[in-house]
J.: 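Before I ask anything, here is the structure I am working with.
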Number of protein chains: 2
Amino acid sequence: MVKRVRGSRTGRPIMVLLDLLGRRWTLRIVWELREEPRRFRELQDAIGASPTIINTRLAELREAKLVLLDEAAGYRLTTLGEELLRLFLPLHVWSEKWAKAI
Amino acid sequence: MVKRVRGSRTGRPIMVLLDLLGRRWTLRIVWELREEPRRFRELQDAIGASPTIINTRLAELREAKLVLLDEAAGYRLTTLGEELLRLFLPLHVWSEKWAKAI
DNA sequence: CAAACTTGCTACAGAAATTGTAGTAACGGA
DNA sequence: TCCGTTACTACAATTTCTGTAGCAAGTTTG
């Protein structure tokens with residue numbers, strides 16, 4: 001069931017997804033989890049945002065089944081989360097090109 | 001020259017990009033421009049955000065050379081912007097799969 | 001020519017989100 | 001018992017965003 005979230009009135013999956021990813025720190029958190037699981041505090045240190053908002057975003061990402069908490073290792077991407085990340089990986093290379101252009 | 005923006009302390013292109021795209025409505029605006037140019041008010045109506053923030057985001061996207069204002073047709077993606085969009089297009093299909101999973 | 005419309009955009013007060021700091025509660029090991 | 005680690009919460013200050021109204025310049029219409 002698709003949840004209607006902030007700013008997404010239609011409930012269309014792409015809109016819900018864009019809304020979720022368009023919240024501050026969400027993309028960054030997914031990015032930080034791209035290689036290995038991270039502890040809450042590691043994420044906090046790496047990202048530099050307040051624990052309040054990191055926890056809020058993690059809760060949203062967990063509810064969206066993109067991230068899960070593996071007690072033994074820390075937060076990590078679910079299979080879905082990894083799929084999403086894979087779509088984003090080309091951004092890395094492209095961002096270098098973009099940086100040169102601006 | 002890469003500008004150090006909110007939340008991006010390193011200045012690494014990927015971080016700057018993730019920060020830019022991770023602001024509310026930014027992804028959504030790029031998405032709305034995917035097919036054809038849009039007027040300011042069209043964007044406003046389609047997105048449902050305040051003109052203040054739409055204008056702020058458009059200014060950021062223009063500075064990032066992802067969007068430009070074509071006086072005759074409206075706001076549209078630059079070549080760079082189109083490249084970025086192309087990376088995001090797979091999200092559309094994937095979001096449908098994701099929606100079924102959650 | 002004047003009124004009406006369209007254009008991008010700004011002002012501003014109230015509401016909501018985010019920060020920064022401190023601290024809680026549960027658990028494990030020494 | 002004390003210390004460290006864990007995820008997480010409280011809360012006031014600050015920043016961002018909203019919602020509504022309107023401006024200024026140009027175009028269209030009567």
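Order of the sequence lines fixes the chain letters, A, B, ..., with proteins taken first and strands second; residue numbering starts at 1 for each chain.
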J.: Over how many whole Å does the gap from B/Arg57 atom CZ to C/dG8 atom P extend?
T.: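 One finds 19 Å between P of C/dG8 and CZ of B/Arg57, rounded.
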
J.: Is it true that a side-chain atom of A/Trp25 and a backbone atom of A/Ser50 form a donor plus acceptor pair closer than 3.5 Å?
T.: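 No, because the side chain of A/Trp25 does not come within donor-acceptor range (under 3.5 Å) of the backbone of A/Ser50.
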
J.: For B/Arg41 and B/Ile53, find the nucleotide of DNA chain D closest to each by heavy atoms; which residue's nucleotide sits nearer the 5' end?
T.: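 Comparing both residues, the 5'-ward one is B/Ile53.
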
J.: Over how many whole Å does the gap from A/Glu71 atom CD to C/dG28 atom P extend?
T.: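 Distance check: A/Glu71 CD to C/dG28 P gives 11 Å.
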
J.: Would you mind telling me which of C/dG8, C/dT10, C/dT18 lies closest to the side-chain atoms of B/Leu69?
T.: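 Taking heavy atoms from C-beta onward, the closest nucleotide is C/dG8.
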
J.: Rounding to a whole Å, what distance do you find between B/Arg24:CZ and D/dT18:C1'?
T.: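 After rounding, the gap between these two atoms is 9 Å.
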
J.: Going by the rule side chain to side chain contact (heavy atoms under 4.5 Å, CB included), which residues pair with B/Leu85 if we only count those two or more places apart in sequence or in a different chain?
T.: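 For B/Leu85 the side chain to side chain contact (heavy atoms under 4.5 Å, CB included) partners, ignoring immediate neighbours, are B/Val30, B/Trp31, B/Arg34, B/Leu77, B/Leu89.
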
J.: Hey, does A/Phe40 have a side-chain heavy atom less than 4.5 Å from the side chain of A/Leu69?
T.: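 No, side chains not in contact.
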
J.: Please give, in whole Å, the distance from D/dA25 C1' to B/Phe40 CZ?
T.: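 Roughly 16 Å, once rounded to whole Å.
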
J.: Out of C/dG8, D/dT9, D/dG19, which has the shortest distance to the side chain of A/Asn55?
T.: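 Among the listed nucleotides, the one closest to the side chain of A/Asn55 is D/dT9.
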
J.: What does B/Arg62 touch in the nucleic acid at a heavy-atom separation under 4.0 angstrom: a base, only the sugar-phosphate, or nothing?
T.: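 Here B/Arg62 touches the backbone only, sparing every base.
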
J.: Are OP1 or OP2 of D/dT16 and a side-chain N or O of B/Trp25 less than 4.0 angstrom apart?
T.: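 So the side chain of B/Trp25 is outside the cut-off, no N or O lying under 4.0 Å from OP1 or OP2 of D/dT16.
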
J.: Whole angstroms only, please: what is the CD1-C1' distance between B/Ile47 and D/dC17?
T.: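 The answer, rounded to whole Å, is 14 Å.
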
J.: D/dA7 C1' sits how many Å from A/Leu68 CG, rounded?
T.: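 Taking atom C1' of D/dA7 as the reference, CG of A/Leu68 is at 15 Å.
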
J.: Atom CZ of A/Arg23 to atom P of C/dA17: distance rounded to whole Å?
T.: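 That distance rounds to 9 Å.
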
J.: Using modelled atom types and a 3.5 Å cut-off, is there a donor and acceptor pairing between side-chain atoms of B/Arg28 and backbone atoms of A/Asp19?
T.: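 Checked: no pair found.
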
J.: What nucleotide among C/dA11, C/dG8, C/dT19 has an atom nearest to a side-chain atom of B/Thr52?
T.: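 The answer is C/dA11.
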
J.: Does anything in residues 72-96 of chain A pair up under salt bridge (charged side-chain N to carboxylate O under 4.0 Å, His left out), and if so which pairs, sequence neighbours excluded?
T.: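 Non-adjacent pairs meeting salt bridge (charged side-chain N to carboxylate O under 4.0 Å, His left out): A/Asp70-A/Arg76, A/Glu83-B/Lys97.
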
J.: A/Ile54 has an atom CD1; how far is it from atom P of C/dT21, in whole Å?
T.: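 After rounding, the gap between these two atoms is 14 Å.
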
J.: In terms of side-chain heavy atoms of B/Pro51, which of C/dG8, C/dT10, D/dT18 is nearest?
T.: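 The closest nucleotide is C/dT10.
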
